[in-house]
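The next block holds one structure in the form of structure tokens; read it before the comments.
Note that these values count all heavy atoms, side chains included, but never hydrogens, waters or copies made by symmetry. A note on names: the letters A, B, ... follow the listed sequences, proteins ahead of strands, and every chain is numbered from 1. Predicted model, so just to flag it, every value in this text is computed and none were measured.
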There are 2 protein chains.
Amino acid sequence: MRDEVDDLVEAWGRERGDLDLAPVEVFSRISRLARHLDLARRDAFTAHGIESWEFDVLAALRRAGSPYELSPGRLLRETLVTSGTMTNRVDRLAARGLVERLPDPKDRRGVLVRLTVEGKAAVDGAFEALLAAEADLLADLPDKQRTQLAGLLRSLLAPFS
Amino acid sequence: MRDEVDDLVEAWGRERGDLDLAPVEVFSRISRLARHLDLARRDAFTAHGIESWEFDVLAALRRAGSPYELSPGRLLRETLVTSGTMTNRVDRLAARGLVERLPDPKDRRGVLVRLTVEGKAAVDGAFEALLAAEADLLADLPDKQRTQLAGLLRSLLAPFS
DNA sequence: GTGAGTTATCTCGACATCAAGACACATTCC
DNA sequence: GGAATGTGTCTTGATGTCGAGATAACTCAC
């Protein structure tokens, strides 16, 4: 079975036969899979009326557990965006009624972002759709190989933690 | 060895123990690795005075082989951006002297974008730096496992081609 | 050849993001 | 208690991208 990256490596090999292209075989596939996954996510979420960036924020709140509250600062560290972006995102999510802003009782500078009942329903539905879409992409890979793949990816990712 | 995704899966498991989170073990790692790789690319390219988007365009031209010419349309299909973006990118690359625009002798509507000598030198240097950075990320993974990983990723990616 | 439909590129307005800085409040140390 | 420093959030301006539309030129059937 051949994929896009085999073509890419072949083209580079023709032009730069002096270089060891083994890293490309791994990382170019990771980049491309990430791009395809983004599209699959977008589709799965669109069916539930939310967008990817909305899911990222709502999911962080959902994972925090009841009462589903986090500070904007914590949210931006979880989602790896800047503070300006997070202000904008929370504004729009609040306008849609999926989250609400509360004053932090412990710190008068602070704010807490809390998932509403509607927000919880939205993120739960979207997450189930995402899992279904991802399971689909994995359908052809036997369990044993999937586990092996997860393990290999973990050892690449672990140094970053 | 534990990574960020183990924490993520654990958190979801606490909240949604009813769901099979196996797909997350694969795809969340792929997304995160892609993000880390982007940062590593940025660093490697910065040392050579170019940016990631510049590399994407220059590399497509470089891979095409001598005389290093492609149409804007072909370039946007290779790099997956829209036409407005490509016009902007070619403008800026031409202003920096890394590419030049030529009329297409075969089609008077058309334009060819050609790598200059400076552009070729820039992309070759940047590609070597990228390979070195990627090889670094793979340093701890034995050859055999790297090959195995590439193979598993290929079987995930192949359906998209 | 002429006209309809297609293809290639560029232009332009809208928008989300980023990065830097402003502002308010907390905390610490003297 | 008061000054200096730290922390948390929001505001602002610049930038790159997208997407729709405009223009020019090609192709093919008649």
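Residues B:Ser31 and A:Leu37 meet the side-chain proximity criterion, which asks for heavy atoms closer than 4.5 Å. Here the side chains of B:Leu130 and B:Phe45 are in contact, with some heavy-atom distance below 4.5 Å. Within the 4.5 Å cutoff, the side chain of A:Leu76 has no heavy atoms near those of the A:Thr85 side chain. At least one side-chain heavy atom of A:Leu149 sits less than 4.5 Å from a side-chain heavy atom of B:Leu156. With contacts defined as side-chain heavy-atom distances shorter than 4.5 Å, the pair A:Glu10/A:Arg2 qualifies.
The nearest whole Å value for the distance from the CG atom in A:Asp104 to the P atom in C:dT27 is 11 Å. Atom P of nucleotide D:dG8 and atom CG of A:Leu70 are separated by 13 Å, given to the nearest angstrom. Per the geometry, CG belonging to A:Asn88 stands 10 Å off P belonging to D:dT11, to the nearest Å.
When the side-chain nitrogen and oxygen atoms of B:Arg108 are compared with OP1 and OP2 of D:dC26, one or more of them lie within a distance under 4.0 Å. Here B:Thr85 does not reach the OP1 or OP2 of D:dT17: none of its side-chain N or O atoms lies under 4.0 Å away.
Annotation: side chain to side chain donor-acceptor pair (under 3.5 Å) contacts involving residues 19-30 of chain A, sequence neighbours excluded, comprise A:Asp3-A:Arg29, A:Asp6-A:Arg29, A:Glu25-A:Arg29, A:Ser28-A:Arg32.
For the segment residues 36-64 of chain B, no residue has any heavy atom less than 4.0 angstrom from an atom of DNA chain C.
Here NE2 of A:His36 is found 11.0 Å from CG of A:Asp38. Values are rounded to the nearest 0.5 Å.
Here A:Asp143 pairs with A:Arg146 in a salt bridge; the nearest charged N to carboxylate O distance falls below 4.0 Å. A:Asp107 has a carboxylate O that lies under 4.0 Å from a charged side-chain N of A:Arg109, or vice versa, which qualifies the two as a salt bridge.
Inter-axis angle, ends of the helix from C:dG1-D:dC30 to C:dC30-D:dG1, five pairs per end, rounded to 10 degrees: 20°.
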Which donor-acceptor pairs under 3.5 Å do the side chains of residues 63-71 of chain A make with protein atoms, sequence neighbours left out?
| residue | atom | partner | partner atom | Å |
| --- | --- | --- | --- | --- |
| A:Arg63 | NH2 | A:Glu78 | OE1 | 3.3 |
| A:Glu69 | OE2 | A:Arg114 | NH1 | 2.8 |
| A:Ser71 | OG | A:Arg74 | N | 3.0 |

Which donor-acceptor pairs under 3.5 Å do side chains of residues 90-97 of chain B form with protein atoms, sequence neighbours excluded?
| residue | atom | partner | partner atom | Å |
| --- | --- | --- | --- | --- |
| B:Asp91 | OD1 | B:Arg101 | NH2 | 2.1 |
| B:Arg92 | NE | B:Asn88 | OD1 | 3.2 |
| B:Arg96 | NH1 | B:Gly49 | O | 3.3 |
| B:Arg96 | NH1 | B:Glu54 | OE1 | 3.1 |
| B:Arg96 | NH1 | B:Glu54 | OE2 | 2.9 |
| B:Arg96 | NH2 | B:Gly49 | O | 3.3 |

Using nucleotides 7-10 of chain C, report all nitrogen or oxygen pairs with the protein that are shorter than 3.5 Å.
| residue | atom | partner | partner atom | Å |
| --- | --- | --- | --- | --- |
| C:dT7 | O2 | B:Arg109 | NH1 | 2.3 |
| C:dT9 | OP1 | B:Pro72 | N | 3.4 |
| C:dT9 | OP1 | B:Val111 | O | 3.3 |
| C:dT9 | OP2 | B:Gly73 | N | 2.7 |
| C:dC10 | OP1 | B:Arg101 | NH1 | 2.8 |
| C:dC10 | OP2 | B:Arg101 | NH1 | 3.3 |
| C:dC10 | N4 | B:Ser83 | OG | 2.7 |

